[in-house]
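Just follow the structure's listing: the first ligand is 1, and inside any ligand the first atom is 1.
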Amino acid sequence: MKYKAFLIKYAEIGVKGKNRYLFEDALVKQINHRLKRLDGKFFVTKESGRIYAEAEGNFDYDEVIDTLQHVFGIVGICPVVQIEDTGYEDLKAAVVRYIGDVYGDKSFTFKVVARRANKQYPVVSDQINRDMGEVILEAYPNSRVDVHSPDVLLRVEVRHRINIFSETIPGPGGMPIGTAGRAMLLLSGGIDSPVAGYMIAKRGVTIEATYFHAPPYTSERAKQKVIDLAKLMAKYTGPIKLNIVNFTDIQLYIYDQCPHDELTIIMRRYMMRIAERLAKEDECLALVTGESIGQVASQTMHSLAVTNEVCELPVMRPLIAFDKQDIVDISLKIDTYETSVLPYEDCCTIFVAKHPVTKPVLKRIQNSERKLEEKIDDLLETAVSTREIVRCS
Ligand code: ATP
Ligand code: MG
């Protein structure tokens with residue numbers, strides 16, 4: 001068969017009131033973008049609180065479902081059979097055909113729930129329920145009505161056309177991308193930051209990313225790994241502009257001038273400064289990191305406070321209270337885990353001290369940074385102006 005259309009259910013949160021159309025339009029746009037990349041032509045339409053994706057011609061069912069399961073804002077995908085209203089007998093026939101196509105001759109319990117949105121339709125909902133129940137029982141002797149917990153909940157919605165559907169495939173939830181402004185993700189090759197980016201994007205935020213690499217201390221493979229992660233994330237977030245900043249000279253300069261137990265924290269402060277500058281250039285409203293309290297020395301409460309001190313923009317840390325295993329579970333779900341655990345070096349791990357400070361004191365760190373005054377502005381300027389931009393989709 002069978003399906004040529006999908007009814008898309010979206011959450012009600014945040015879509016009430018006079019901004020509702022903005023959310024719906026953003027969702028329609030996102031669905032259109034994603035389906036456009038597949039074989040087959042789709043029409044995505046919005047119609048009295050419903051979004052439909054209708055296919056013209058052939059398409060790969062599994063591919064469409066998989067694509068829609070990556071579009072934030074969708075809570076459910078209902079493959080639907082849509083028929084024109086050509087008479088009540090035709091509706092009965094269509095319902096029997098639908099059950100046959102989807103459930104065959106299996107034994108199942110069912111319940112019909114009709115909804116007459118078109119009040120001109122001559123048969124009331126209760127009567128539709130009874131009549132459709134009757135024809136199903138007649139056509140499928142192995143079926144039985146169960147109004148409390150049926151195997152099959154068959155919905156018949158009478159609108160200007162009639163929708164027949166019974167399956168709801170879960171969507172990813174969240175808000176459509178493009179409804180909540182833009183944020184700059186500090187994306188490393190680790191497990192955490194892709195998950196952090198995914199979580200913020202899930203709230204409708206457009207994601208841009210910055211990666212700091214340190215050639216020749218970090219390899220091309222490490223850089224490619226980050227590009228690959230951004231591409232994996234893009235399946236959910238849509239295209240990501242990835243800024244790749246060469247951080248080597250800044251790191252070496254810090255290494256030369258500052259106490260080694262403060263390297264990580266000072267380095268992190270410079271990463272935040274650069275990311276914030278790029279963020280502001282592109283009108284991002286916040287930074288996003290994959291930090292989580294206590295995971296490493298640079299993520300103690302003290303270290304986070306000192307790192308945060310250089311930022312004017314809000315820094316979003318969606319994983320702040322997550323245990324590592326919970327983060328791993330999400331990375332497995334969104335398919336970034338396998339790539340994240342590839343064993344390529346990270347610039348943070350190359351210049352770390354054996355015993356980094358876990359309780360940095362802001363005044364002391366600021367003092368150490370004064371030793372960088374001579375060259376740091378030029379180095380920052382160069383790092384920003386020589387950055388490479390890769391569009392990941
Ligand atoms: P992740 O798994 O995300 O790499 P992590 O547990 O390794 O995190 P850190 O290395 O301390 O932790 O990094 C904390 C956060 O700082 C990361 O989640 C990321 O947002 C950012 N970050 C770290 N290294 C880089 C980098 N090389 N480029 C861009 N951002 C980075
Ligand atoms: Mg890391």
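A side-chain N or O of Glu291 and one of Thr289 form a donor-acceptor pair less than 3.5 Å apart. In the model, Tyr198 has no side-chain atom that pairs as donor or acceptor with a side-chain atom of Thr336 under 3.5 Å. One side chain, Arg370 or Asn367, offers a donor N or O that lies under 3.5 Å from an acceptor on the other. Judged purely by distance below 3.5 Å, without hydrogens or angles, the side chains of Gln127 and Tyr88 never pair a donor atom with an acceptor atom.
An N or O contact shorter than 3.5 Å links Phe212 to ligand 1 by distance. Every N/O-N/O distance between Val288 and ligand 1 stays at or above 3.5 Å. Distances between N or O atoms of Met271 and those of ligand 1 include no value under 3.5 Å. Any N or O atom pair closer than 3.5 Å counts here, and Gly189 shares no such pair with ligand 1. Any N or O atom pair closer than 3.5 Å counts here, and Tyr211 shares no such pair with ligand 1.
Under the 4.5 Å side-chain criterion, counting only non-hydrogen atoms from C-beta, Glu281 is not in contact with Met184. Side-chain contact between Met267 and Phe212 is absent, with no heavy-atom pair separated by less than 4.5 Å.
The option with the heavy atom closest to atom 15 (C) of ligand 1, from among Gln299, Met267, Arg268, is Arg268.
Phe165 has its ring centre no less than 6.0 Å from the ring centre of Phe6.
Contact annotation for Val226 and ligand 1: no heavy atom of the residue comes within less than 4.0 Å of the ligand. Using a 4.0 Å cut-off between heavy atoms, Ser298 contacts ligand 1 through its side chain alone, with no backbone atom that close. Of the heavy atoms in His213, none comes closer than 4.0 Å to ligand 1.
Atoms of ligand 1 lying under 4.0 Å from at least one heavy atom of Ile191, given by number and element, are 2 (O). Counting atoms of ligand 1 from 1 in the listed order, those under 4.0 Å from a heavy atom of Thr210 are 29 (C). If you number the atoms of ligand 1 from 1 as listed, the ones under 4.0 Å from a heavy atom of Gly190 come out as 1 (P), 2 (O), 4 (O). For ligand 1, the atoms closer than 4.0 angstrom to any heavy atom of Gly290 are 17 (C), 18 (O), 20 (O). Here is the list of ligand 1 atoms found below 4.0 Å of a heavy atom in Leu187: 28 (N), 29 (C), 30 (N). Near Gln295, meaning under 4.0 Å from any of its heavy atoms, are these atoms of ligand 1: 6 (O). Close contacts of ligand 1 with Thr289, meaning ligand atoms under 4.0 Å from a residue heavy atom, involve 20 (O).
Closest non-hydrogen pair, Thr168 versus Gly76, comes out as CG2-CA, 3.9 Å. The two residues Thr109 and Ser149 come nearest to each other via the heavy atoms OG1-O, 4.1 Å.
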- Item | Residues Leu372, Ile266; criterion side-chain contact (heavy atoms from CB on, under 4.5 Å); working and verdict | CA-CA 11 Å; Leu372 302 170; Ile266 294 175; 4.2 Å; yes
